Amino acid sequence: MSTSSSNPVSNTAPPKAPARRQSGDRHVYNGPGMIATGEATALLPTETTPPIKVFGTAAIRETFDDLCLQQAVNSRLAPGVTDLILNPDAHCGYGAPVGSVLVSPTHIYPGPVGVDIKCSMSLLQLDLPADAVDDRKVRRELISAICRRTPTGAGKGQRSVAQSRHVNRTLGKQLVLEGASKDVCMALGIPPNWAFRCEDSFHVGHDGTATALEARLETLLATREMTNFSEKMQQLGSYGGGNHFGECEVVEVGDNERARSVAETFGLHDGNVAFLSHCGSRGFGHILASGQFKHLQTKFDRWGIPLPAGDRQLVYAPLGSDEANNYLDDMSLGANFATVNHLLINALVLEAFQEVIPGVKGDLVYFISHNIARREIVNDRPAWVHRKGATRAMPAGHHSLEGTPFANSGHPILLPGNPRDGSAVMVADPGAEASCFSVNHGAGRVLGRRHAKRVLDQSTVDTELESNDILSNCRRYPIDEAPAAYKDFNEVLHSVKSAGLASEVARLKARFVIKDASKADD
DNA sequence: ATGTGC
């Protein structure tokens, strides 16, 4: 373990620019009071450092670079922050690391929610045995049918085949206000009972009412940034780019009694075909998030408010202020869009399967976010839990699961890994209280996009997928999204399991992948 | 992540 070359504890120095990291520059924070307890590590309080909980094996801790750790410390020291969790998939992000949890009873932090408000995972299970997708021709037809309905790529909206679900301005306004309400689901051809399979199927305004959201939306619609609101609504049912994807899977339930029992509660069947989706709030969420960043940064400048650690990405608003209220309303509007976007994608994917395999049925297993702030009870008092690339993980018996299908099991946790090693469905264990009921959100990047393009070989990436018989809509798989650009998924999961946060219920093994190929041919 | 650099 090498000593960091800079002092990541400083709360005055601005963070270094992320672009200057060199290959092999893999420092590990070795600051005061760092201890390892089993496989979990804590940065203990010192005179200057409040505690940060780090969940990761020794190998995983080697993946945390200087900037990531500095962002964690900066976030921990920011006003009103009472808890900061670093998960094994952590890497540097906007303000706080992707793969962190920030808790505050008094402040809201837009950066530690993230640029893509309510970026989430969803899993659709089909009543199909695995061998139904053995035939490569069938898989090619499925890829085509899905891509005709749910496009990938920036700026892309609905395809003509989905025009029966056209979103006019009135419906657009309704869905960002109501989320997956019964009326919205009916209008878009989404099974209304899927709302019960959502972590949250709708989001209300800052005061707990929909009226507050409605007033905020009218204000926003009068601004220049929102002149293309109707166009943004046309993106409903699309994936976008970057790390977003759709993936056809085969479910492999874990070979133990607990996994079998929980899988049954989840409705997961061993050997069934399923479809995993990763996307968020697209252009609409982006306008809201980036608008809030700029707005708050301007206020900090104008009023001369000191930035946490000098980092503009860590601007915040005290709860109860107009700024906090407006942010919470905008987050809810973006979150409602993301919710309906995911459910519509699942409805369109099911429709695509039915086009290729007539009569097939499908149901949503779960929809859960990893980029959202939720008001939860932490240490016996209400607080905003900001999960930035982190997934809620509430075990059996948790009070907030009362009345849901998962009260006695814990809810499904959907974790994308990579097409080669698979993805995972997990369930929280009682130990998750130590991480503010959170786990990782996936594997986490280990190579930056530029770095990946420089060091990874295109034909190796494509050959590896081919040798695993995994098809894709991409002629060449985006190299900055290759499995090797991400951390070792098994080591990440081992960190979570050995720390007592969650247990594995099932693996999802990829049969074909749908990604944004528009930048793959550079 | 993104009306993907403005």
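All values below come from the heavy atoms of this structure, side chains included, with hydrogens, waters and symmetry mates left out. Note that this is a predicted model, so its numbers are computed, not measured. Convention: sequence-line order gives letters A, B, ...; per-chain numbering from 1.
- Classified by interplanar angle (parallel below 30°, tilted 30° to 60°, perpendicular above 60°), the ring pair Phe293(A)/Tyr94(A) is parallel.
- One can place CZ of Phe337(A) at 10 Å from P of dG3(B), the figure rounded to the nearest angstrom.
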- [ ] Evaluate side-chain hydrogen bond (donor to acceptor under 3.5 Å, both in side chains) for Ser104(A) paired with Tyr109(A), printing each intermediate quantity in order.
- [x] CA-CA 9 Å; Ser104(A) 175; Tyr109(A) 280 80; over 6 Å; no

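- Taking atom CD1 of Ile117(A) as the reference point, atom C1' of dT2(B) lies 12 Å away to the nearest angstrom.
- Whole-Å rounding puts the Asp116(A) CG to dT2(B) P distance at 6 Å.
- Under 4.0 angstrom from either OP1 or OP2 of dT2(B) there lies no side-chain N or O belonging to Gln235(A).
- Nucleic acid contact class of Gly280(A) (heavy atoms, under 4.0 Å, all strands): none.
- Atom-to-atom, CG of Asn341(A) to C1' of dT2(B) comes out at 14 Å; the value is rounded to the nearest Å.
- What separates NZ of Lys294(A) from P of dG3(B) is a distance of 12 Å, to the nearest Å.
- The list of salt bridge (Lys or Arg N to Asp or Glu O under 4.0 Å) pairs with a residue in residues 324-342 of chain A, not counting sequence neighbours, reads Arg216(A)-Asp330(A).
- Nucleic acid contact for Gly114(A): none, since no nucleic acid atom lies under 4.0 Å from a heavy atom of the residue.
- The distance from atom CD of Glu225(A) to atom C1' of dC6(B) is 14 Å, rounded to the nearest whole Å.
- When only modelled atom types and interatomic distance are considered, Arg302(A) and Thr298(A) share no side-chain donor-acceptor pair under 3.5 Å.
- Taking atom NZ of Lys118(A) as the reference point, atom P of dT2(B) lies 17 Å away to the nearest angstrom.
- Between the P atom of dG3(B) and the CG atom of Leu236(A) lies a distance of 14 Å, rounded to the nearest Å.
- Within the 4.0 angstrom heavy-atom criterion, no nucleotide atom of any strand lies near Gly285(A).
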